[in-house]
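Reviewing the structure listed below.
All of these numbers come straight from a predicted model, not from anything done at the bench.
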Amino acid sequence: MTYGLTPEQAELAQAVRRFATGTLAEGALARAHSRDYPWDIAQKLADMGMLGITIREEDGGVGGTLMDAVITIQELAMVCPKSADVVQAGNFGPIRTFAEFATPTQKARWLPDLLAGRKLISLGMSEPDAGSAVTELKTSARQDGDDYIINGSKVFSTHSPHADLFLIYVRFGPGIGGIGSVLVERGTPGFTIGQPAPFMSGEEWCPLYFADCRIPVENVLLGLGGFKRQIAGFNVERIGNASRALALGRHAYETARQHVAERSQFGRPLCEFQGLQWKFAEMTVKLEAAQMLLYRAAQDADANGLPSAFDTAVAKLVCNEAGFDVANEAMQAMGAYGYSTESLVEYCVKRTRGWQIAGGSLEMLKNRIAEHVFDRRFSQRSS
C-alpha cells in the first residue's frame, strides 16, 4: 500500500520489498518456526541500514524517520515475518529508549554491537504482580556507594533467551516518581536468567531473577523521576507492534487471496462464491482503515518528536484487531491449507493474537482512548 506516502517513501517501500523478495523469501517459513534468533539475518539487515533507522547518525544510526521504520518493517513482514521481528528489535522498544536517554559512555559501550546486529537488548518491565499495572512493580534498586543493588524478578521479556543486555524497570523509591531504569548485562553476578517458557506464538521467554545483583552507578539509565520519560518512549514500541500486526494480517490476506483465486471447488473458482467475496471485501476495509491510522500516528510522531499516547493507542488498537481478524479469516478461507504449518497463515494468526496482549492490551488501550474522549483520568485502582 502506498496511499499517503511521499514519492521518496514509496521508493523506499519498493526498495525494501525488492531486497526482501530477493534475499529473505527463501527460508522464511523455516525461520518463522525456528526458536533460534536469526543472527545471520540481523547482520544482513544491519548492512542494509535497516537497524537504527530512527536513531541519530551521530549515535551510529541512520537518522531516518519513524515512517521510514514503519515502511521497512511492514515491507519485510510481507515477505519474511521473522525478519520483521529483527527490525522491531533494532528500531523500536528498548533500543529506542536506550538511544534516547543513554549517556555518551553507555552509547559507546553498547550501541555499536546492537546496531550491527551482533547483540540484542531485552526489556524487563512486567512482573508476576505488575502487568498492565506496571507502576506497581517491586523490583528495587538500592544505592550502596558507587553501586546499585538490584532485587526482584521480571517476566515476559521478549528476546530474553538471546539478549546480551537488559533494560530493567526498577524502583528507586516510592510512588511513580520513584521508578526508573538500569542496564544489566548477561552474566552479571546475582542476575539469573530462568528456563525458557514456550508461548502460543512459538516464542520462548525467560523469567529474570535479581538477588543482590550489583551494578555500577554508571549503569543507571534513568533514575528517580524517569518513568514518565521512558514510558513516552514505550509508545514507539507500540507503533512497531501495530506495524507488524497489520503487516502479518496483510501477508495472510494476500496468501488467501491468491489461494481462492486459483483453487476450484464444485466446478468453479472459490473467488466466485459470494460468501468469500464479502469476506475479502470486509478484510480489505479493515486493512485499509487501519493502515491510515497507523500512518497518522507515525507522521504525527515525526512532526512532534514522539508519538502521542492517544494516536498510538488508536493505531495499536485498530491494527491489532485488524491484523488478527484478517489473518483468522484468511485461515478460514483457505481451510486446512491455512491451518497447516506448511503455510505462514497459521503463524500470522498466532503472532497477531499475542500482540493483542503484548505492549498494552486492547482493554488498556480502550481505557486510554476513553480518557482522551472525556479529557479526564479514570483510575483502575480500587479506592
Side-chain angles (χ1 to χ4, degrees), residues 42 45-46 49-66 68-69 86-125 134 137 139 141 143 146-150 154 157-160 162-173 176-188 191 208 210 213-240 301-302 305-307 359:
L45 295 176
M50 295 181 187
L51 305 186
I53 293 171
T54 63
I55 293 173
R56 291 182 291 267
E57 289 184 85
E58 54 266 34
D59 291 330
V62 176
T65 66
L66 188 56
D68 294 337
V86 177
V87 174
Q88 169 82 9
N91 290 280
F92 303 90
I95 194 170
R96 175 63 184 263
T97 304
F98 176 81
E100 190 75 23
F101 301 116
T103 65
T105 300
Q106 291 169 340
K107 291 177 184 179
R109 181 176 177 183
W110 287 302
L111 260 184
D113 282 340
L114 294 174
L115 294 178
R118 293 189 294 266
K119 289 187 177 182
L120 264 174
I121 183 171
S122 178
L123 178 67
M125 179 187 290
V134 66
L137 66 88
T139 298
Q143 189 163 11
D146 292 333
D147 296 332
Y148 275 91
I149 298 176
I150 314 300
K154 298 291 180 179
S157 295
T158 305
H159 299 309
S160 46
H162 311 289
D164 302 278
L165 181 65
F166 296 79
L167 194 164
I168 306 297
Y169 279 47
V170 296
R171 182 170 294 287
F172 292 100
I176 293 178
I179 299 174
S181 56
V182 298
L183 301 164
V184 184
E185 291 184 281
R186 179 184 289 266
T188 300
F191 173 38
L208 310 177
F210 303 89
C213 174
R214 185 178 292 269
I215 62 169
V217 68
E218 291 81 13
N219 282 28
V220 173
L221 183 65
L222 286 169
L224 284 165
F227 176 76
K228 290 185 178 180
R229 296 172 68 195
Q230 60 196 26
I231 207 67
F234 188 63
N235 284 328
V236 177
E237 177 169 358
R238 289 177 170 172
I239 294 293
D302 286 332
L306 284 173

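Here the side chain of Q106 pairs a donor or acceptor atom with the backbone of V220 at under 3.5 angstrom. With hydrogens and angles ignored, the 3.5 Å screen pairs no side-chain donor or acceptor of K119 with any backbone N or O of L114. Not a single donor-acceptor pair under 3.5 Å links the side chain of S181 to the backbone N or O of I168.
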- Task: Assess whether side chain to side chain contact (heavy atoms under 4.5 Å, CB included) is satisfied between D302 and T54, documenting all intermediate values.
- Result: CA-CA 10 Å; D302 286 332; T54 63; 6.0 Å; no
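Here T139 contributes atom OG1 and M125 contributes atom CE; the two are 12.0 Å apart, rounded to the nearest 0.5 Å. Rounding to the nearest 0.5 angstrom, the gap separating the CG atom in D146 from the CD1 atom in I215 is 12.5 Å.
By the ring pair (Phe, Tyr, Trp, His ring centres under 6.0 Å) test, F210 pairs with F191, sequence neighbours left out. Take S122 and apply the side-chain hydrogen bond (donor to acceptor under 3.5 Å, both in side chains) test, not counting sequence neighbours, and it matches no residue. Remark: F92 pairs with no residue by the ring pair (Phe, Tyr, Trp, His ring centres under 6.0 Å) rule, at least two apart or across chains. Evaluation of the salt bridge (charged side-chain N to carboxylate O under 4.0 Å, His left out) rule for D59 yields R56, K107 as partners, not counting sequence neighbours. Remark: N235 engages no residue in a side-chain hydrogen bond (donor to acceptor under 3.5 Å, both in side chains) (not counting sequence neighbours). Residues passing the salt bridge (charged side-chain N to carboxylate O under 4.0 Å, His left out) test with E185 are R109, sequence neighbours excluded. Scored by the salt bridge (charged side-chain N to carboxylate O under 4.0 Å, His left out) test, D147 finds R214 as partners (sequence neighbours excluded). In this structure, F101 has no ring pair (Phe, Tyr, Trp, His ring centres under 6.0 Å) partners at least two apart in sequence or on a different chain. Applying the side chain to side chain contact (heavy atoms under 4.5 Å, CB included) criterion to A141, with sequence neighbours excluded, gives Y148, I150, V170, F172.
Residues I179 and L137 approach most closely at CG2-CD2, 4.0 Å, considering heavy atoms. Closest non-hydrogen pair, L66 versus P307, comes out as CD2-CG, 4.1 Å. The two atoms that bring L123 and S157 nearest to each other are O-OG, 2.9 Å, heavy atoms only. When every heavy atom of T188 is checked against every heavy atom of C213, the shortest pair comes out as CG2-SG, 3.7 Å. Minimum interatomic distance between V87 and L51 (heavy atoms only, all atoms of both residues): CA-CD2, 4.2 Å. When every heavy atom of A99 is checked against every heavy atom of L111, the shortest pair comes out as CB-CD1, 4.5 Å.
Between N91 and V236, every side-chain heavy-atom pair lies at or beyond the 4.5 Å cut-off. Side-chain contact between R186 and L120 is absent, with no heavy atoms from C-beta onward closer than 4.5 Å. In this structure the side chain of I121 reaches within 4.5 angstrom of the side chain of F98, judged on heavy atoms. Proximity of S160 to F166: side-chain heavy atoms (C-beta onward) are separated by under 4.5 Å at one or more points.
Evaluation of the salt bridge (charged side-chain N to carboxylate O under 4.0 Å, His left out) test over residues 230-239, restricted to residues two or more places apart or in two chains, returns none. The salt bridge (charged side-chain N to carboxylate O under 4.0 Å, His left out) pairs that include a residue from residues 221-230 number zero, where partners must be two or more places apart or lie in different chains. Within the structure, the side-chain hydrogen bond (donor to acceptor under 3.5 Å, both in side chains) test picks out no pair touching residues 162-173 (sequence neighbours left out).
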